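This report refers to the structure that appears directly beneath it.
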Amino acid sequence: MDKRDKIIWLVLLAALIVLPAVGLSRYLQRVISLIFIYSMLGLSLNIVTGYMGQISLGHAAFYAIGAYTSGLLSEHFGLNFLLTCVCGIIMAGIIGWLFSIPTTKLSGTYLAIITMGFGEIVKVVIVNWESLTHGTYGLQRIAKPEFFGFQLNTTNNGLYYLCLIFLVIFVLLCIAIERSKLGRSLRAIKDDPLAASLMGVEINHYKRMAFTISTAMAGCCGALYAHLSGYVDANSFNSDVSTLILSIVIFGGMGSIKGMLLGAAVLVSFPEVLRFVAVYRFVVYGLILIVMMVFRTDGILGGPSKRPYVFPRFVKLEKGEVTKNGTAGGK
Amino acid sequence: MTAQYIVNGLTMGLIYALIAVGYSLVFGILKMINMAHGAVYAFGAHMILMFVTWNLGAVPAVILSVLLTGGLLVIYDRTILATLRKKKAPGIAALITTIGFSYIIQNGLMIAFGTEIKAFPALLGEKMIQVGNVKFAFSQVYILVVSIVLLVGLSLLIHKSKIGLAMRAVEQNSRAADLMGINAKGVISVTFFLSGMSAVIAALLLASYYQTVYPTMGVMIGLKGFSASVLGGIGILYGSAVGGIILGIAESLTVQFLSGAYRDAVAFILLFLILIVRPNGLFGKAKVSKV
C-alpha cells in the first residue's frame, strides 16, 4: 500500500468516526450500518470471487447460518454478543468447509448453480425446521449487543460503531490475506489453475481454505445483522441477497478492497436514494447494473493492478535482478 | 396412487425440460447462463394474457407472444451482449447484465400488470380424463404432447437442419465459423429466439394448467429449470430434457412419500448428489484443459 492509499483510508475512517456526531437520523444510521454489513459481505465473497475467480450465488446461506446461530444462542442462553458471534463464525465456517469438500472439483457454472441450490436448501430448512427456527415467524426480538451492562443501540450510536469496528477488522484481515501466501496462491489459481499446480500450489487445499474463510466471514456478518435488526426470517436471506452480494463484488471491481466498500455504498443506497421514483426503482437498478457492466466491465475500481509486484521481505534476489526502487521489474 | 404421482411428475418434468432447454441453447452457444430466463418465462405468460384479454383469440395471442418475447431476447443480445462480446469482456460481466435484465423485466411486469396473482384463461380446456385409476386434466395431455413435439422438433432442428449445423459450428468455434461464411450474429439471434420460444410455450402450458400468472412466477421455476439443465449436462439438449423429467418425477414422489414441505429443496439436493458423482452432469463430457 502506498502513501496515497494510506491517506485515503485514514481520511475515510476519520470521516466515518465523526459522522454520527453530526446527528444521523435512525433511518440513515440503519442504511449506513447496512452498507457496512454489505461491504463486509462483499469482502468475504471477494475472497472466493475476486481472488480465486469462482462464482458463488449462495453466499446468503452462510450469512443466514451465522445470523440464526447467533440469534438462537442469544435467545435460548442469553449469551453475550461476542460469544454468539464467534459461534456464528465457527458454525458458518464449519458448514462452509464441509460444503467445500465435495465441491472443490467443480468450477464455473457448476459451482454457481450448486451454491445457488445450497442457498435454496438452507432457506427451505429454515422455513420447515419449525422446532428450532420458528419457521416463517422468524427470530423476533433478538437482543441488542451488550457490553458490561451497556447496551448498544441506535440512540447511542453503539450499533453504528460496532459495525464500523467489524468493518475495519475485515479490511485489515483482507489486506493481510492479500499479502499472504494464501492470497498469492489464490491469484495464481485464478489466472491459471494448471500452471499454479505445476508451480507447487496445492489447488484443492487453498480452494477449501478460501471458501472456509469466506463463509466464516459471511457468518460473522449474519450475526451482526441479526443483532442489528432484531428480526430475521428466511426471506432476509433469499437469492436476491446472494445476487446483491455478487453484484457488489463485480460492480466494485473483483479483487479490490476499496471497490467492495464503494460497491456496497452504491448498490445498497441506490434503492433507498431512488425512493422518489417509487415503483421504478428496481427497473432503474437493473439498468444501472447493465450500463455499468457495458461501460466498465472490470467494475469501478477493478482491472489489472498497475502497481509493481513487491517481493516478500525474506525473498532475496541475485544482484542485477532488482530494479532501482527495490521492486522486481516486469508486469 | 403412485402412477398418478408419476403422471403428475412427468407433466411437471416436461415443463422443467422446456425451461432447461432454453438455458441449454444459450449456454451451448455463448457459454453464458441467462439468469433472466425465469423472468422471460413470466414475460411470455403475461404477454399471452394481455393479448387474450384483447380478444385476439388464443392462437394469435400465443404467436404474438412468442414473437415479442423472442424479439426482446434478440434485441437484448444485439444491443448489450454483442457489445460485451466485442469488448471481449469476461463471462461474469455478461452474467451480471442478465441479472440486471431480469430485474428490469420482472419489475416492469409488476408496474404494468400489478403484483397480484391474476387468473389465466384455461386455453387448453378444463376437462378431466380418467384412465384406470389415474386421473388427469386435459391440459396435462397437451403438456405431454406439445412439449415432446417441441423437444423432438428442436433436437431435429439442431442435428438435421442447415441452421442447426451453423449453430453447432458457432458453438465449437465462432471465429472459424464466421470465416466459413456463417453469419454468427444471425445464428446467435436465432438461438435466443428459440430459447425465448421454448420459455413462452412452457409458460402457456403451465399457466393454463394452474390458471394463474404473476410477475414472480418465473423465479422458482427458473432456478429449477436451470438445475435440470445442469443435472443433464448443460449445453446438451437431450441431457436437459432428461434432467427435467427426472427432476419432475423426483419432486412428485417426494411429495407423496416424504412431505410437501421439502418439495422445493429436492431439485437442489438431487443436483448436489449428481454433481458430486458426475461433475459435468449426467451426459456432460469432461473438458480437457490444455496448457
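All heavy atoms count here, side chains included; hydrogens, waters and symmetry mates do not. Just so we're clear, the structure is a prediction, and the values are computed from it rather than from any experiment. Reminder, nothing fancy here: chain letters follow the sequence lines and each chain counts from 1.
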Once you round to the nearest 0.5 Å, how far does [atom1] of [X] lie from [atom2] of [Y]?
{"X": "Phe295(A)", "Y": "Lys87(B)", "atom1": "CZ", "atom2": "NZ", "value": "7.0 Å"}
{"X": "Met293(A)", "Y": "Leu81(B)", "atom1": "CE", "atom2": "CG", "value": "13.0 Å"}
{"X": "Met35(B)", "Y": "Leu246(A)", "atom1": "CE", "atom2": "CG", "value": "8.5 Å"}

For Pro279(B), is there any backbone N or O sitting under 3.5 Å from a side-chain donor or acceptor partner on Lys105(A)?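 Not a single qualifying donor-acceptor pair exists.
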
Should the ring pair Tyr285(A) and Tyr103(B) be called parallel, tilted or perpendicular, given that the plane angle runs from 0 to 90° and is split at 30 and 60? perpendicular

Interchain contact, [X] with chain A, by part (heavy-atom threshold 4.5 Å):
{"X": "Ile276(B)", "answer": "both"}
{"X": "Met32(B)", "answer": "neither"}
{"X": "Met110(B)", "answer": "neither"}
{"X": "Ile234(B)", "answer": "both"}
{"X": "Ser227(B)", "answer": "both"}
{"X": "Leu84(B)", "answer": "side chain"}

Mark yes when over 12 heavy atoms from residues, nucleotides or ligands other than [X] sit less than 6.0 Å from its [atom1]; otherwise mark no.
{"X": "Glu116(B)", "atom1": "CD", "answer": "yes"}
{"X": "Met47(B)", "atom1": "CE", "answer": "yes"}
{"X": "Lys190(A)", "atom1": "NZ", "answer": "yes"}

Out of the candidates Asp264(B), Leu271(B), Ile269(B), only one should pair with Ile121(A) under the side chain to side chain contact (heavy atoms under 4.5 Å, CB included) rule; please name it.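 The option that passes is Ile269(B).
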
Heavy-atom proximity to chain B below 4.5 Å, by part of [X]:
{"X": "Leu57(A)", "answer": "side chain"}
{"X": "Leu287(A)", "answer": "both"}
{"X": "Ile113(A)", "answer": "both"}

Identify which of Ile105(B), Val230(B), Ile111(B) forms the greatest number of heavy-atom pairs closer than 4.5 Å to chain A.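 Counting heavy-atom pairs under 4.5 Å, the top option is Ile111(B).
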
Most chain B-contacting option - heavy-atom pairs closer than 4.5 Å, from Ser239(A), Ala195(A), Gly286(A), Gly53(A):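 With the most close heavy-atom pairs to chain B, the winner is Gly286(A).
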
Compare all side-chain heavy atoms of Ile104(B) with those of Ile290(A) and state whether any distance is below 4.5 angstrom.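 The answer is yes; the side chains approach within 4.5 Å.
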
Any side-chain heavy-atom pair of Thr97(B) and Leu289(A) under 4.5 Å: no

For [X] and [Y], which heavy atoms make the closest approach, and how far apart are they?
{"X": "Ile96(B)", "Y": "Ser247(A)", "answer": "CD1-CA, 4.2 Å"}
{"X": "Phe272(B)", "Y": "Pro102(A)", "answer": "CE2-CG, 4.3 Å"}
{"X": "Ala112(A)", "Y": "Ile33(B)", "answer": "CB-CD1, 4.5 Å"}
{"X": "Met116(A)", "Y": "Leu223(B)", "answer": "CE-CD2, 3.0 Å"}

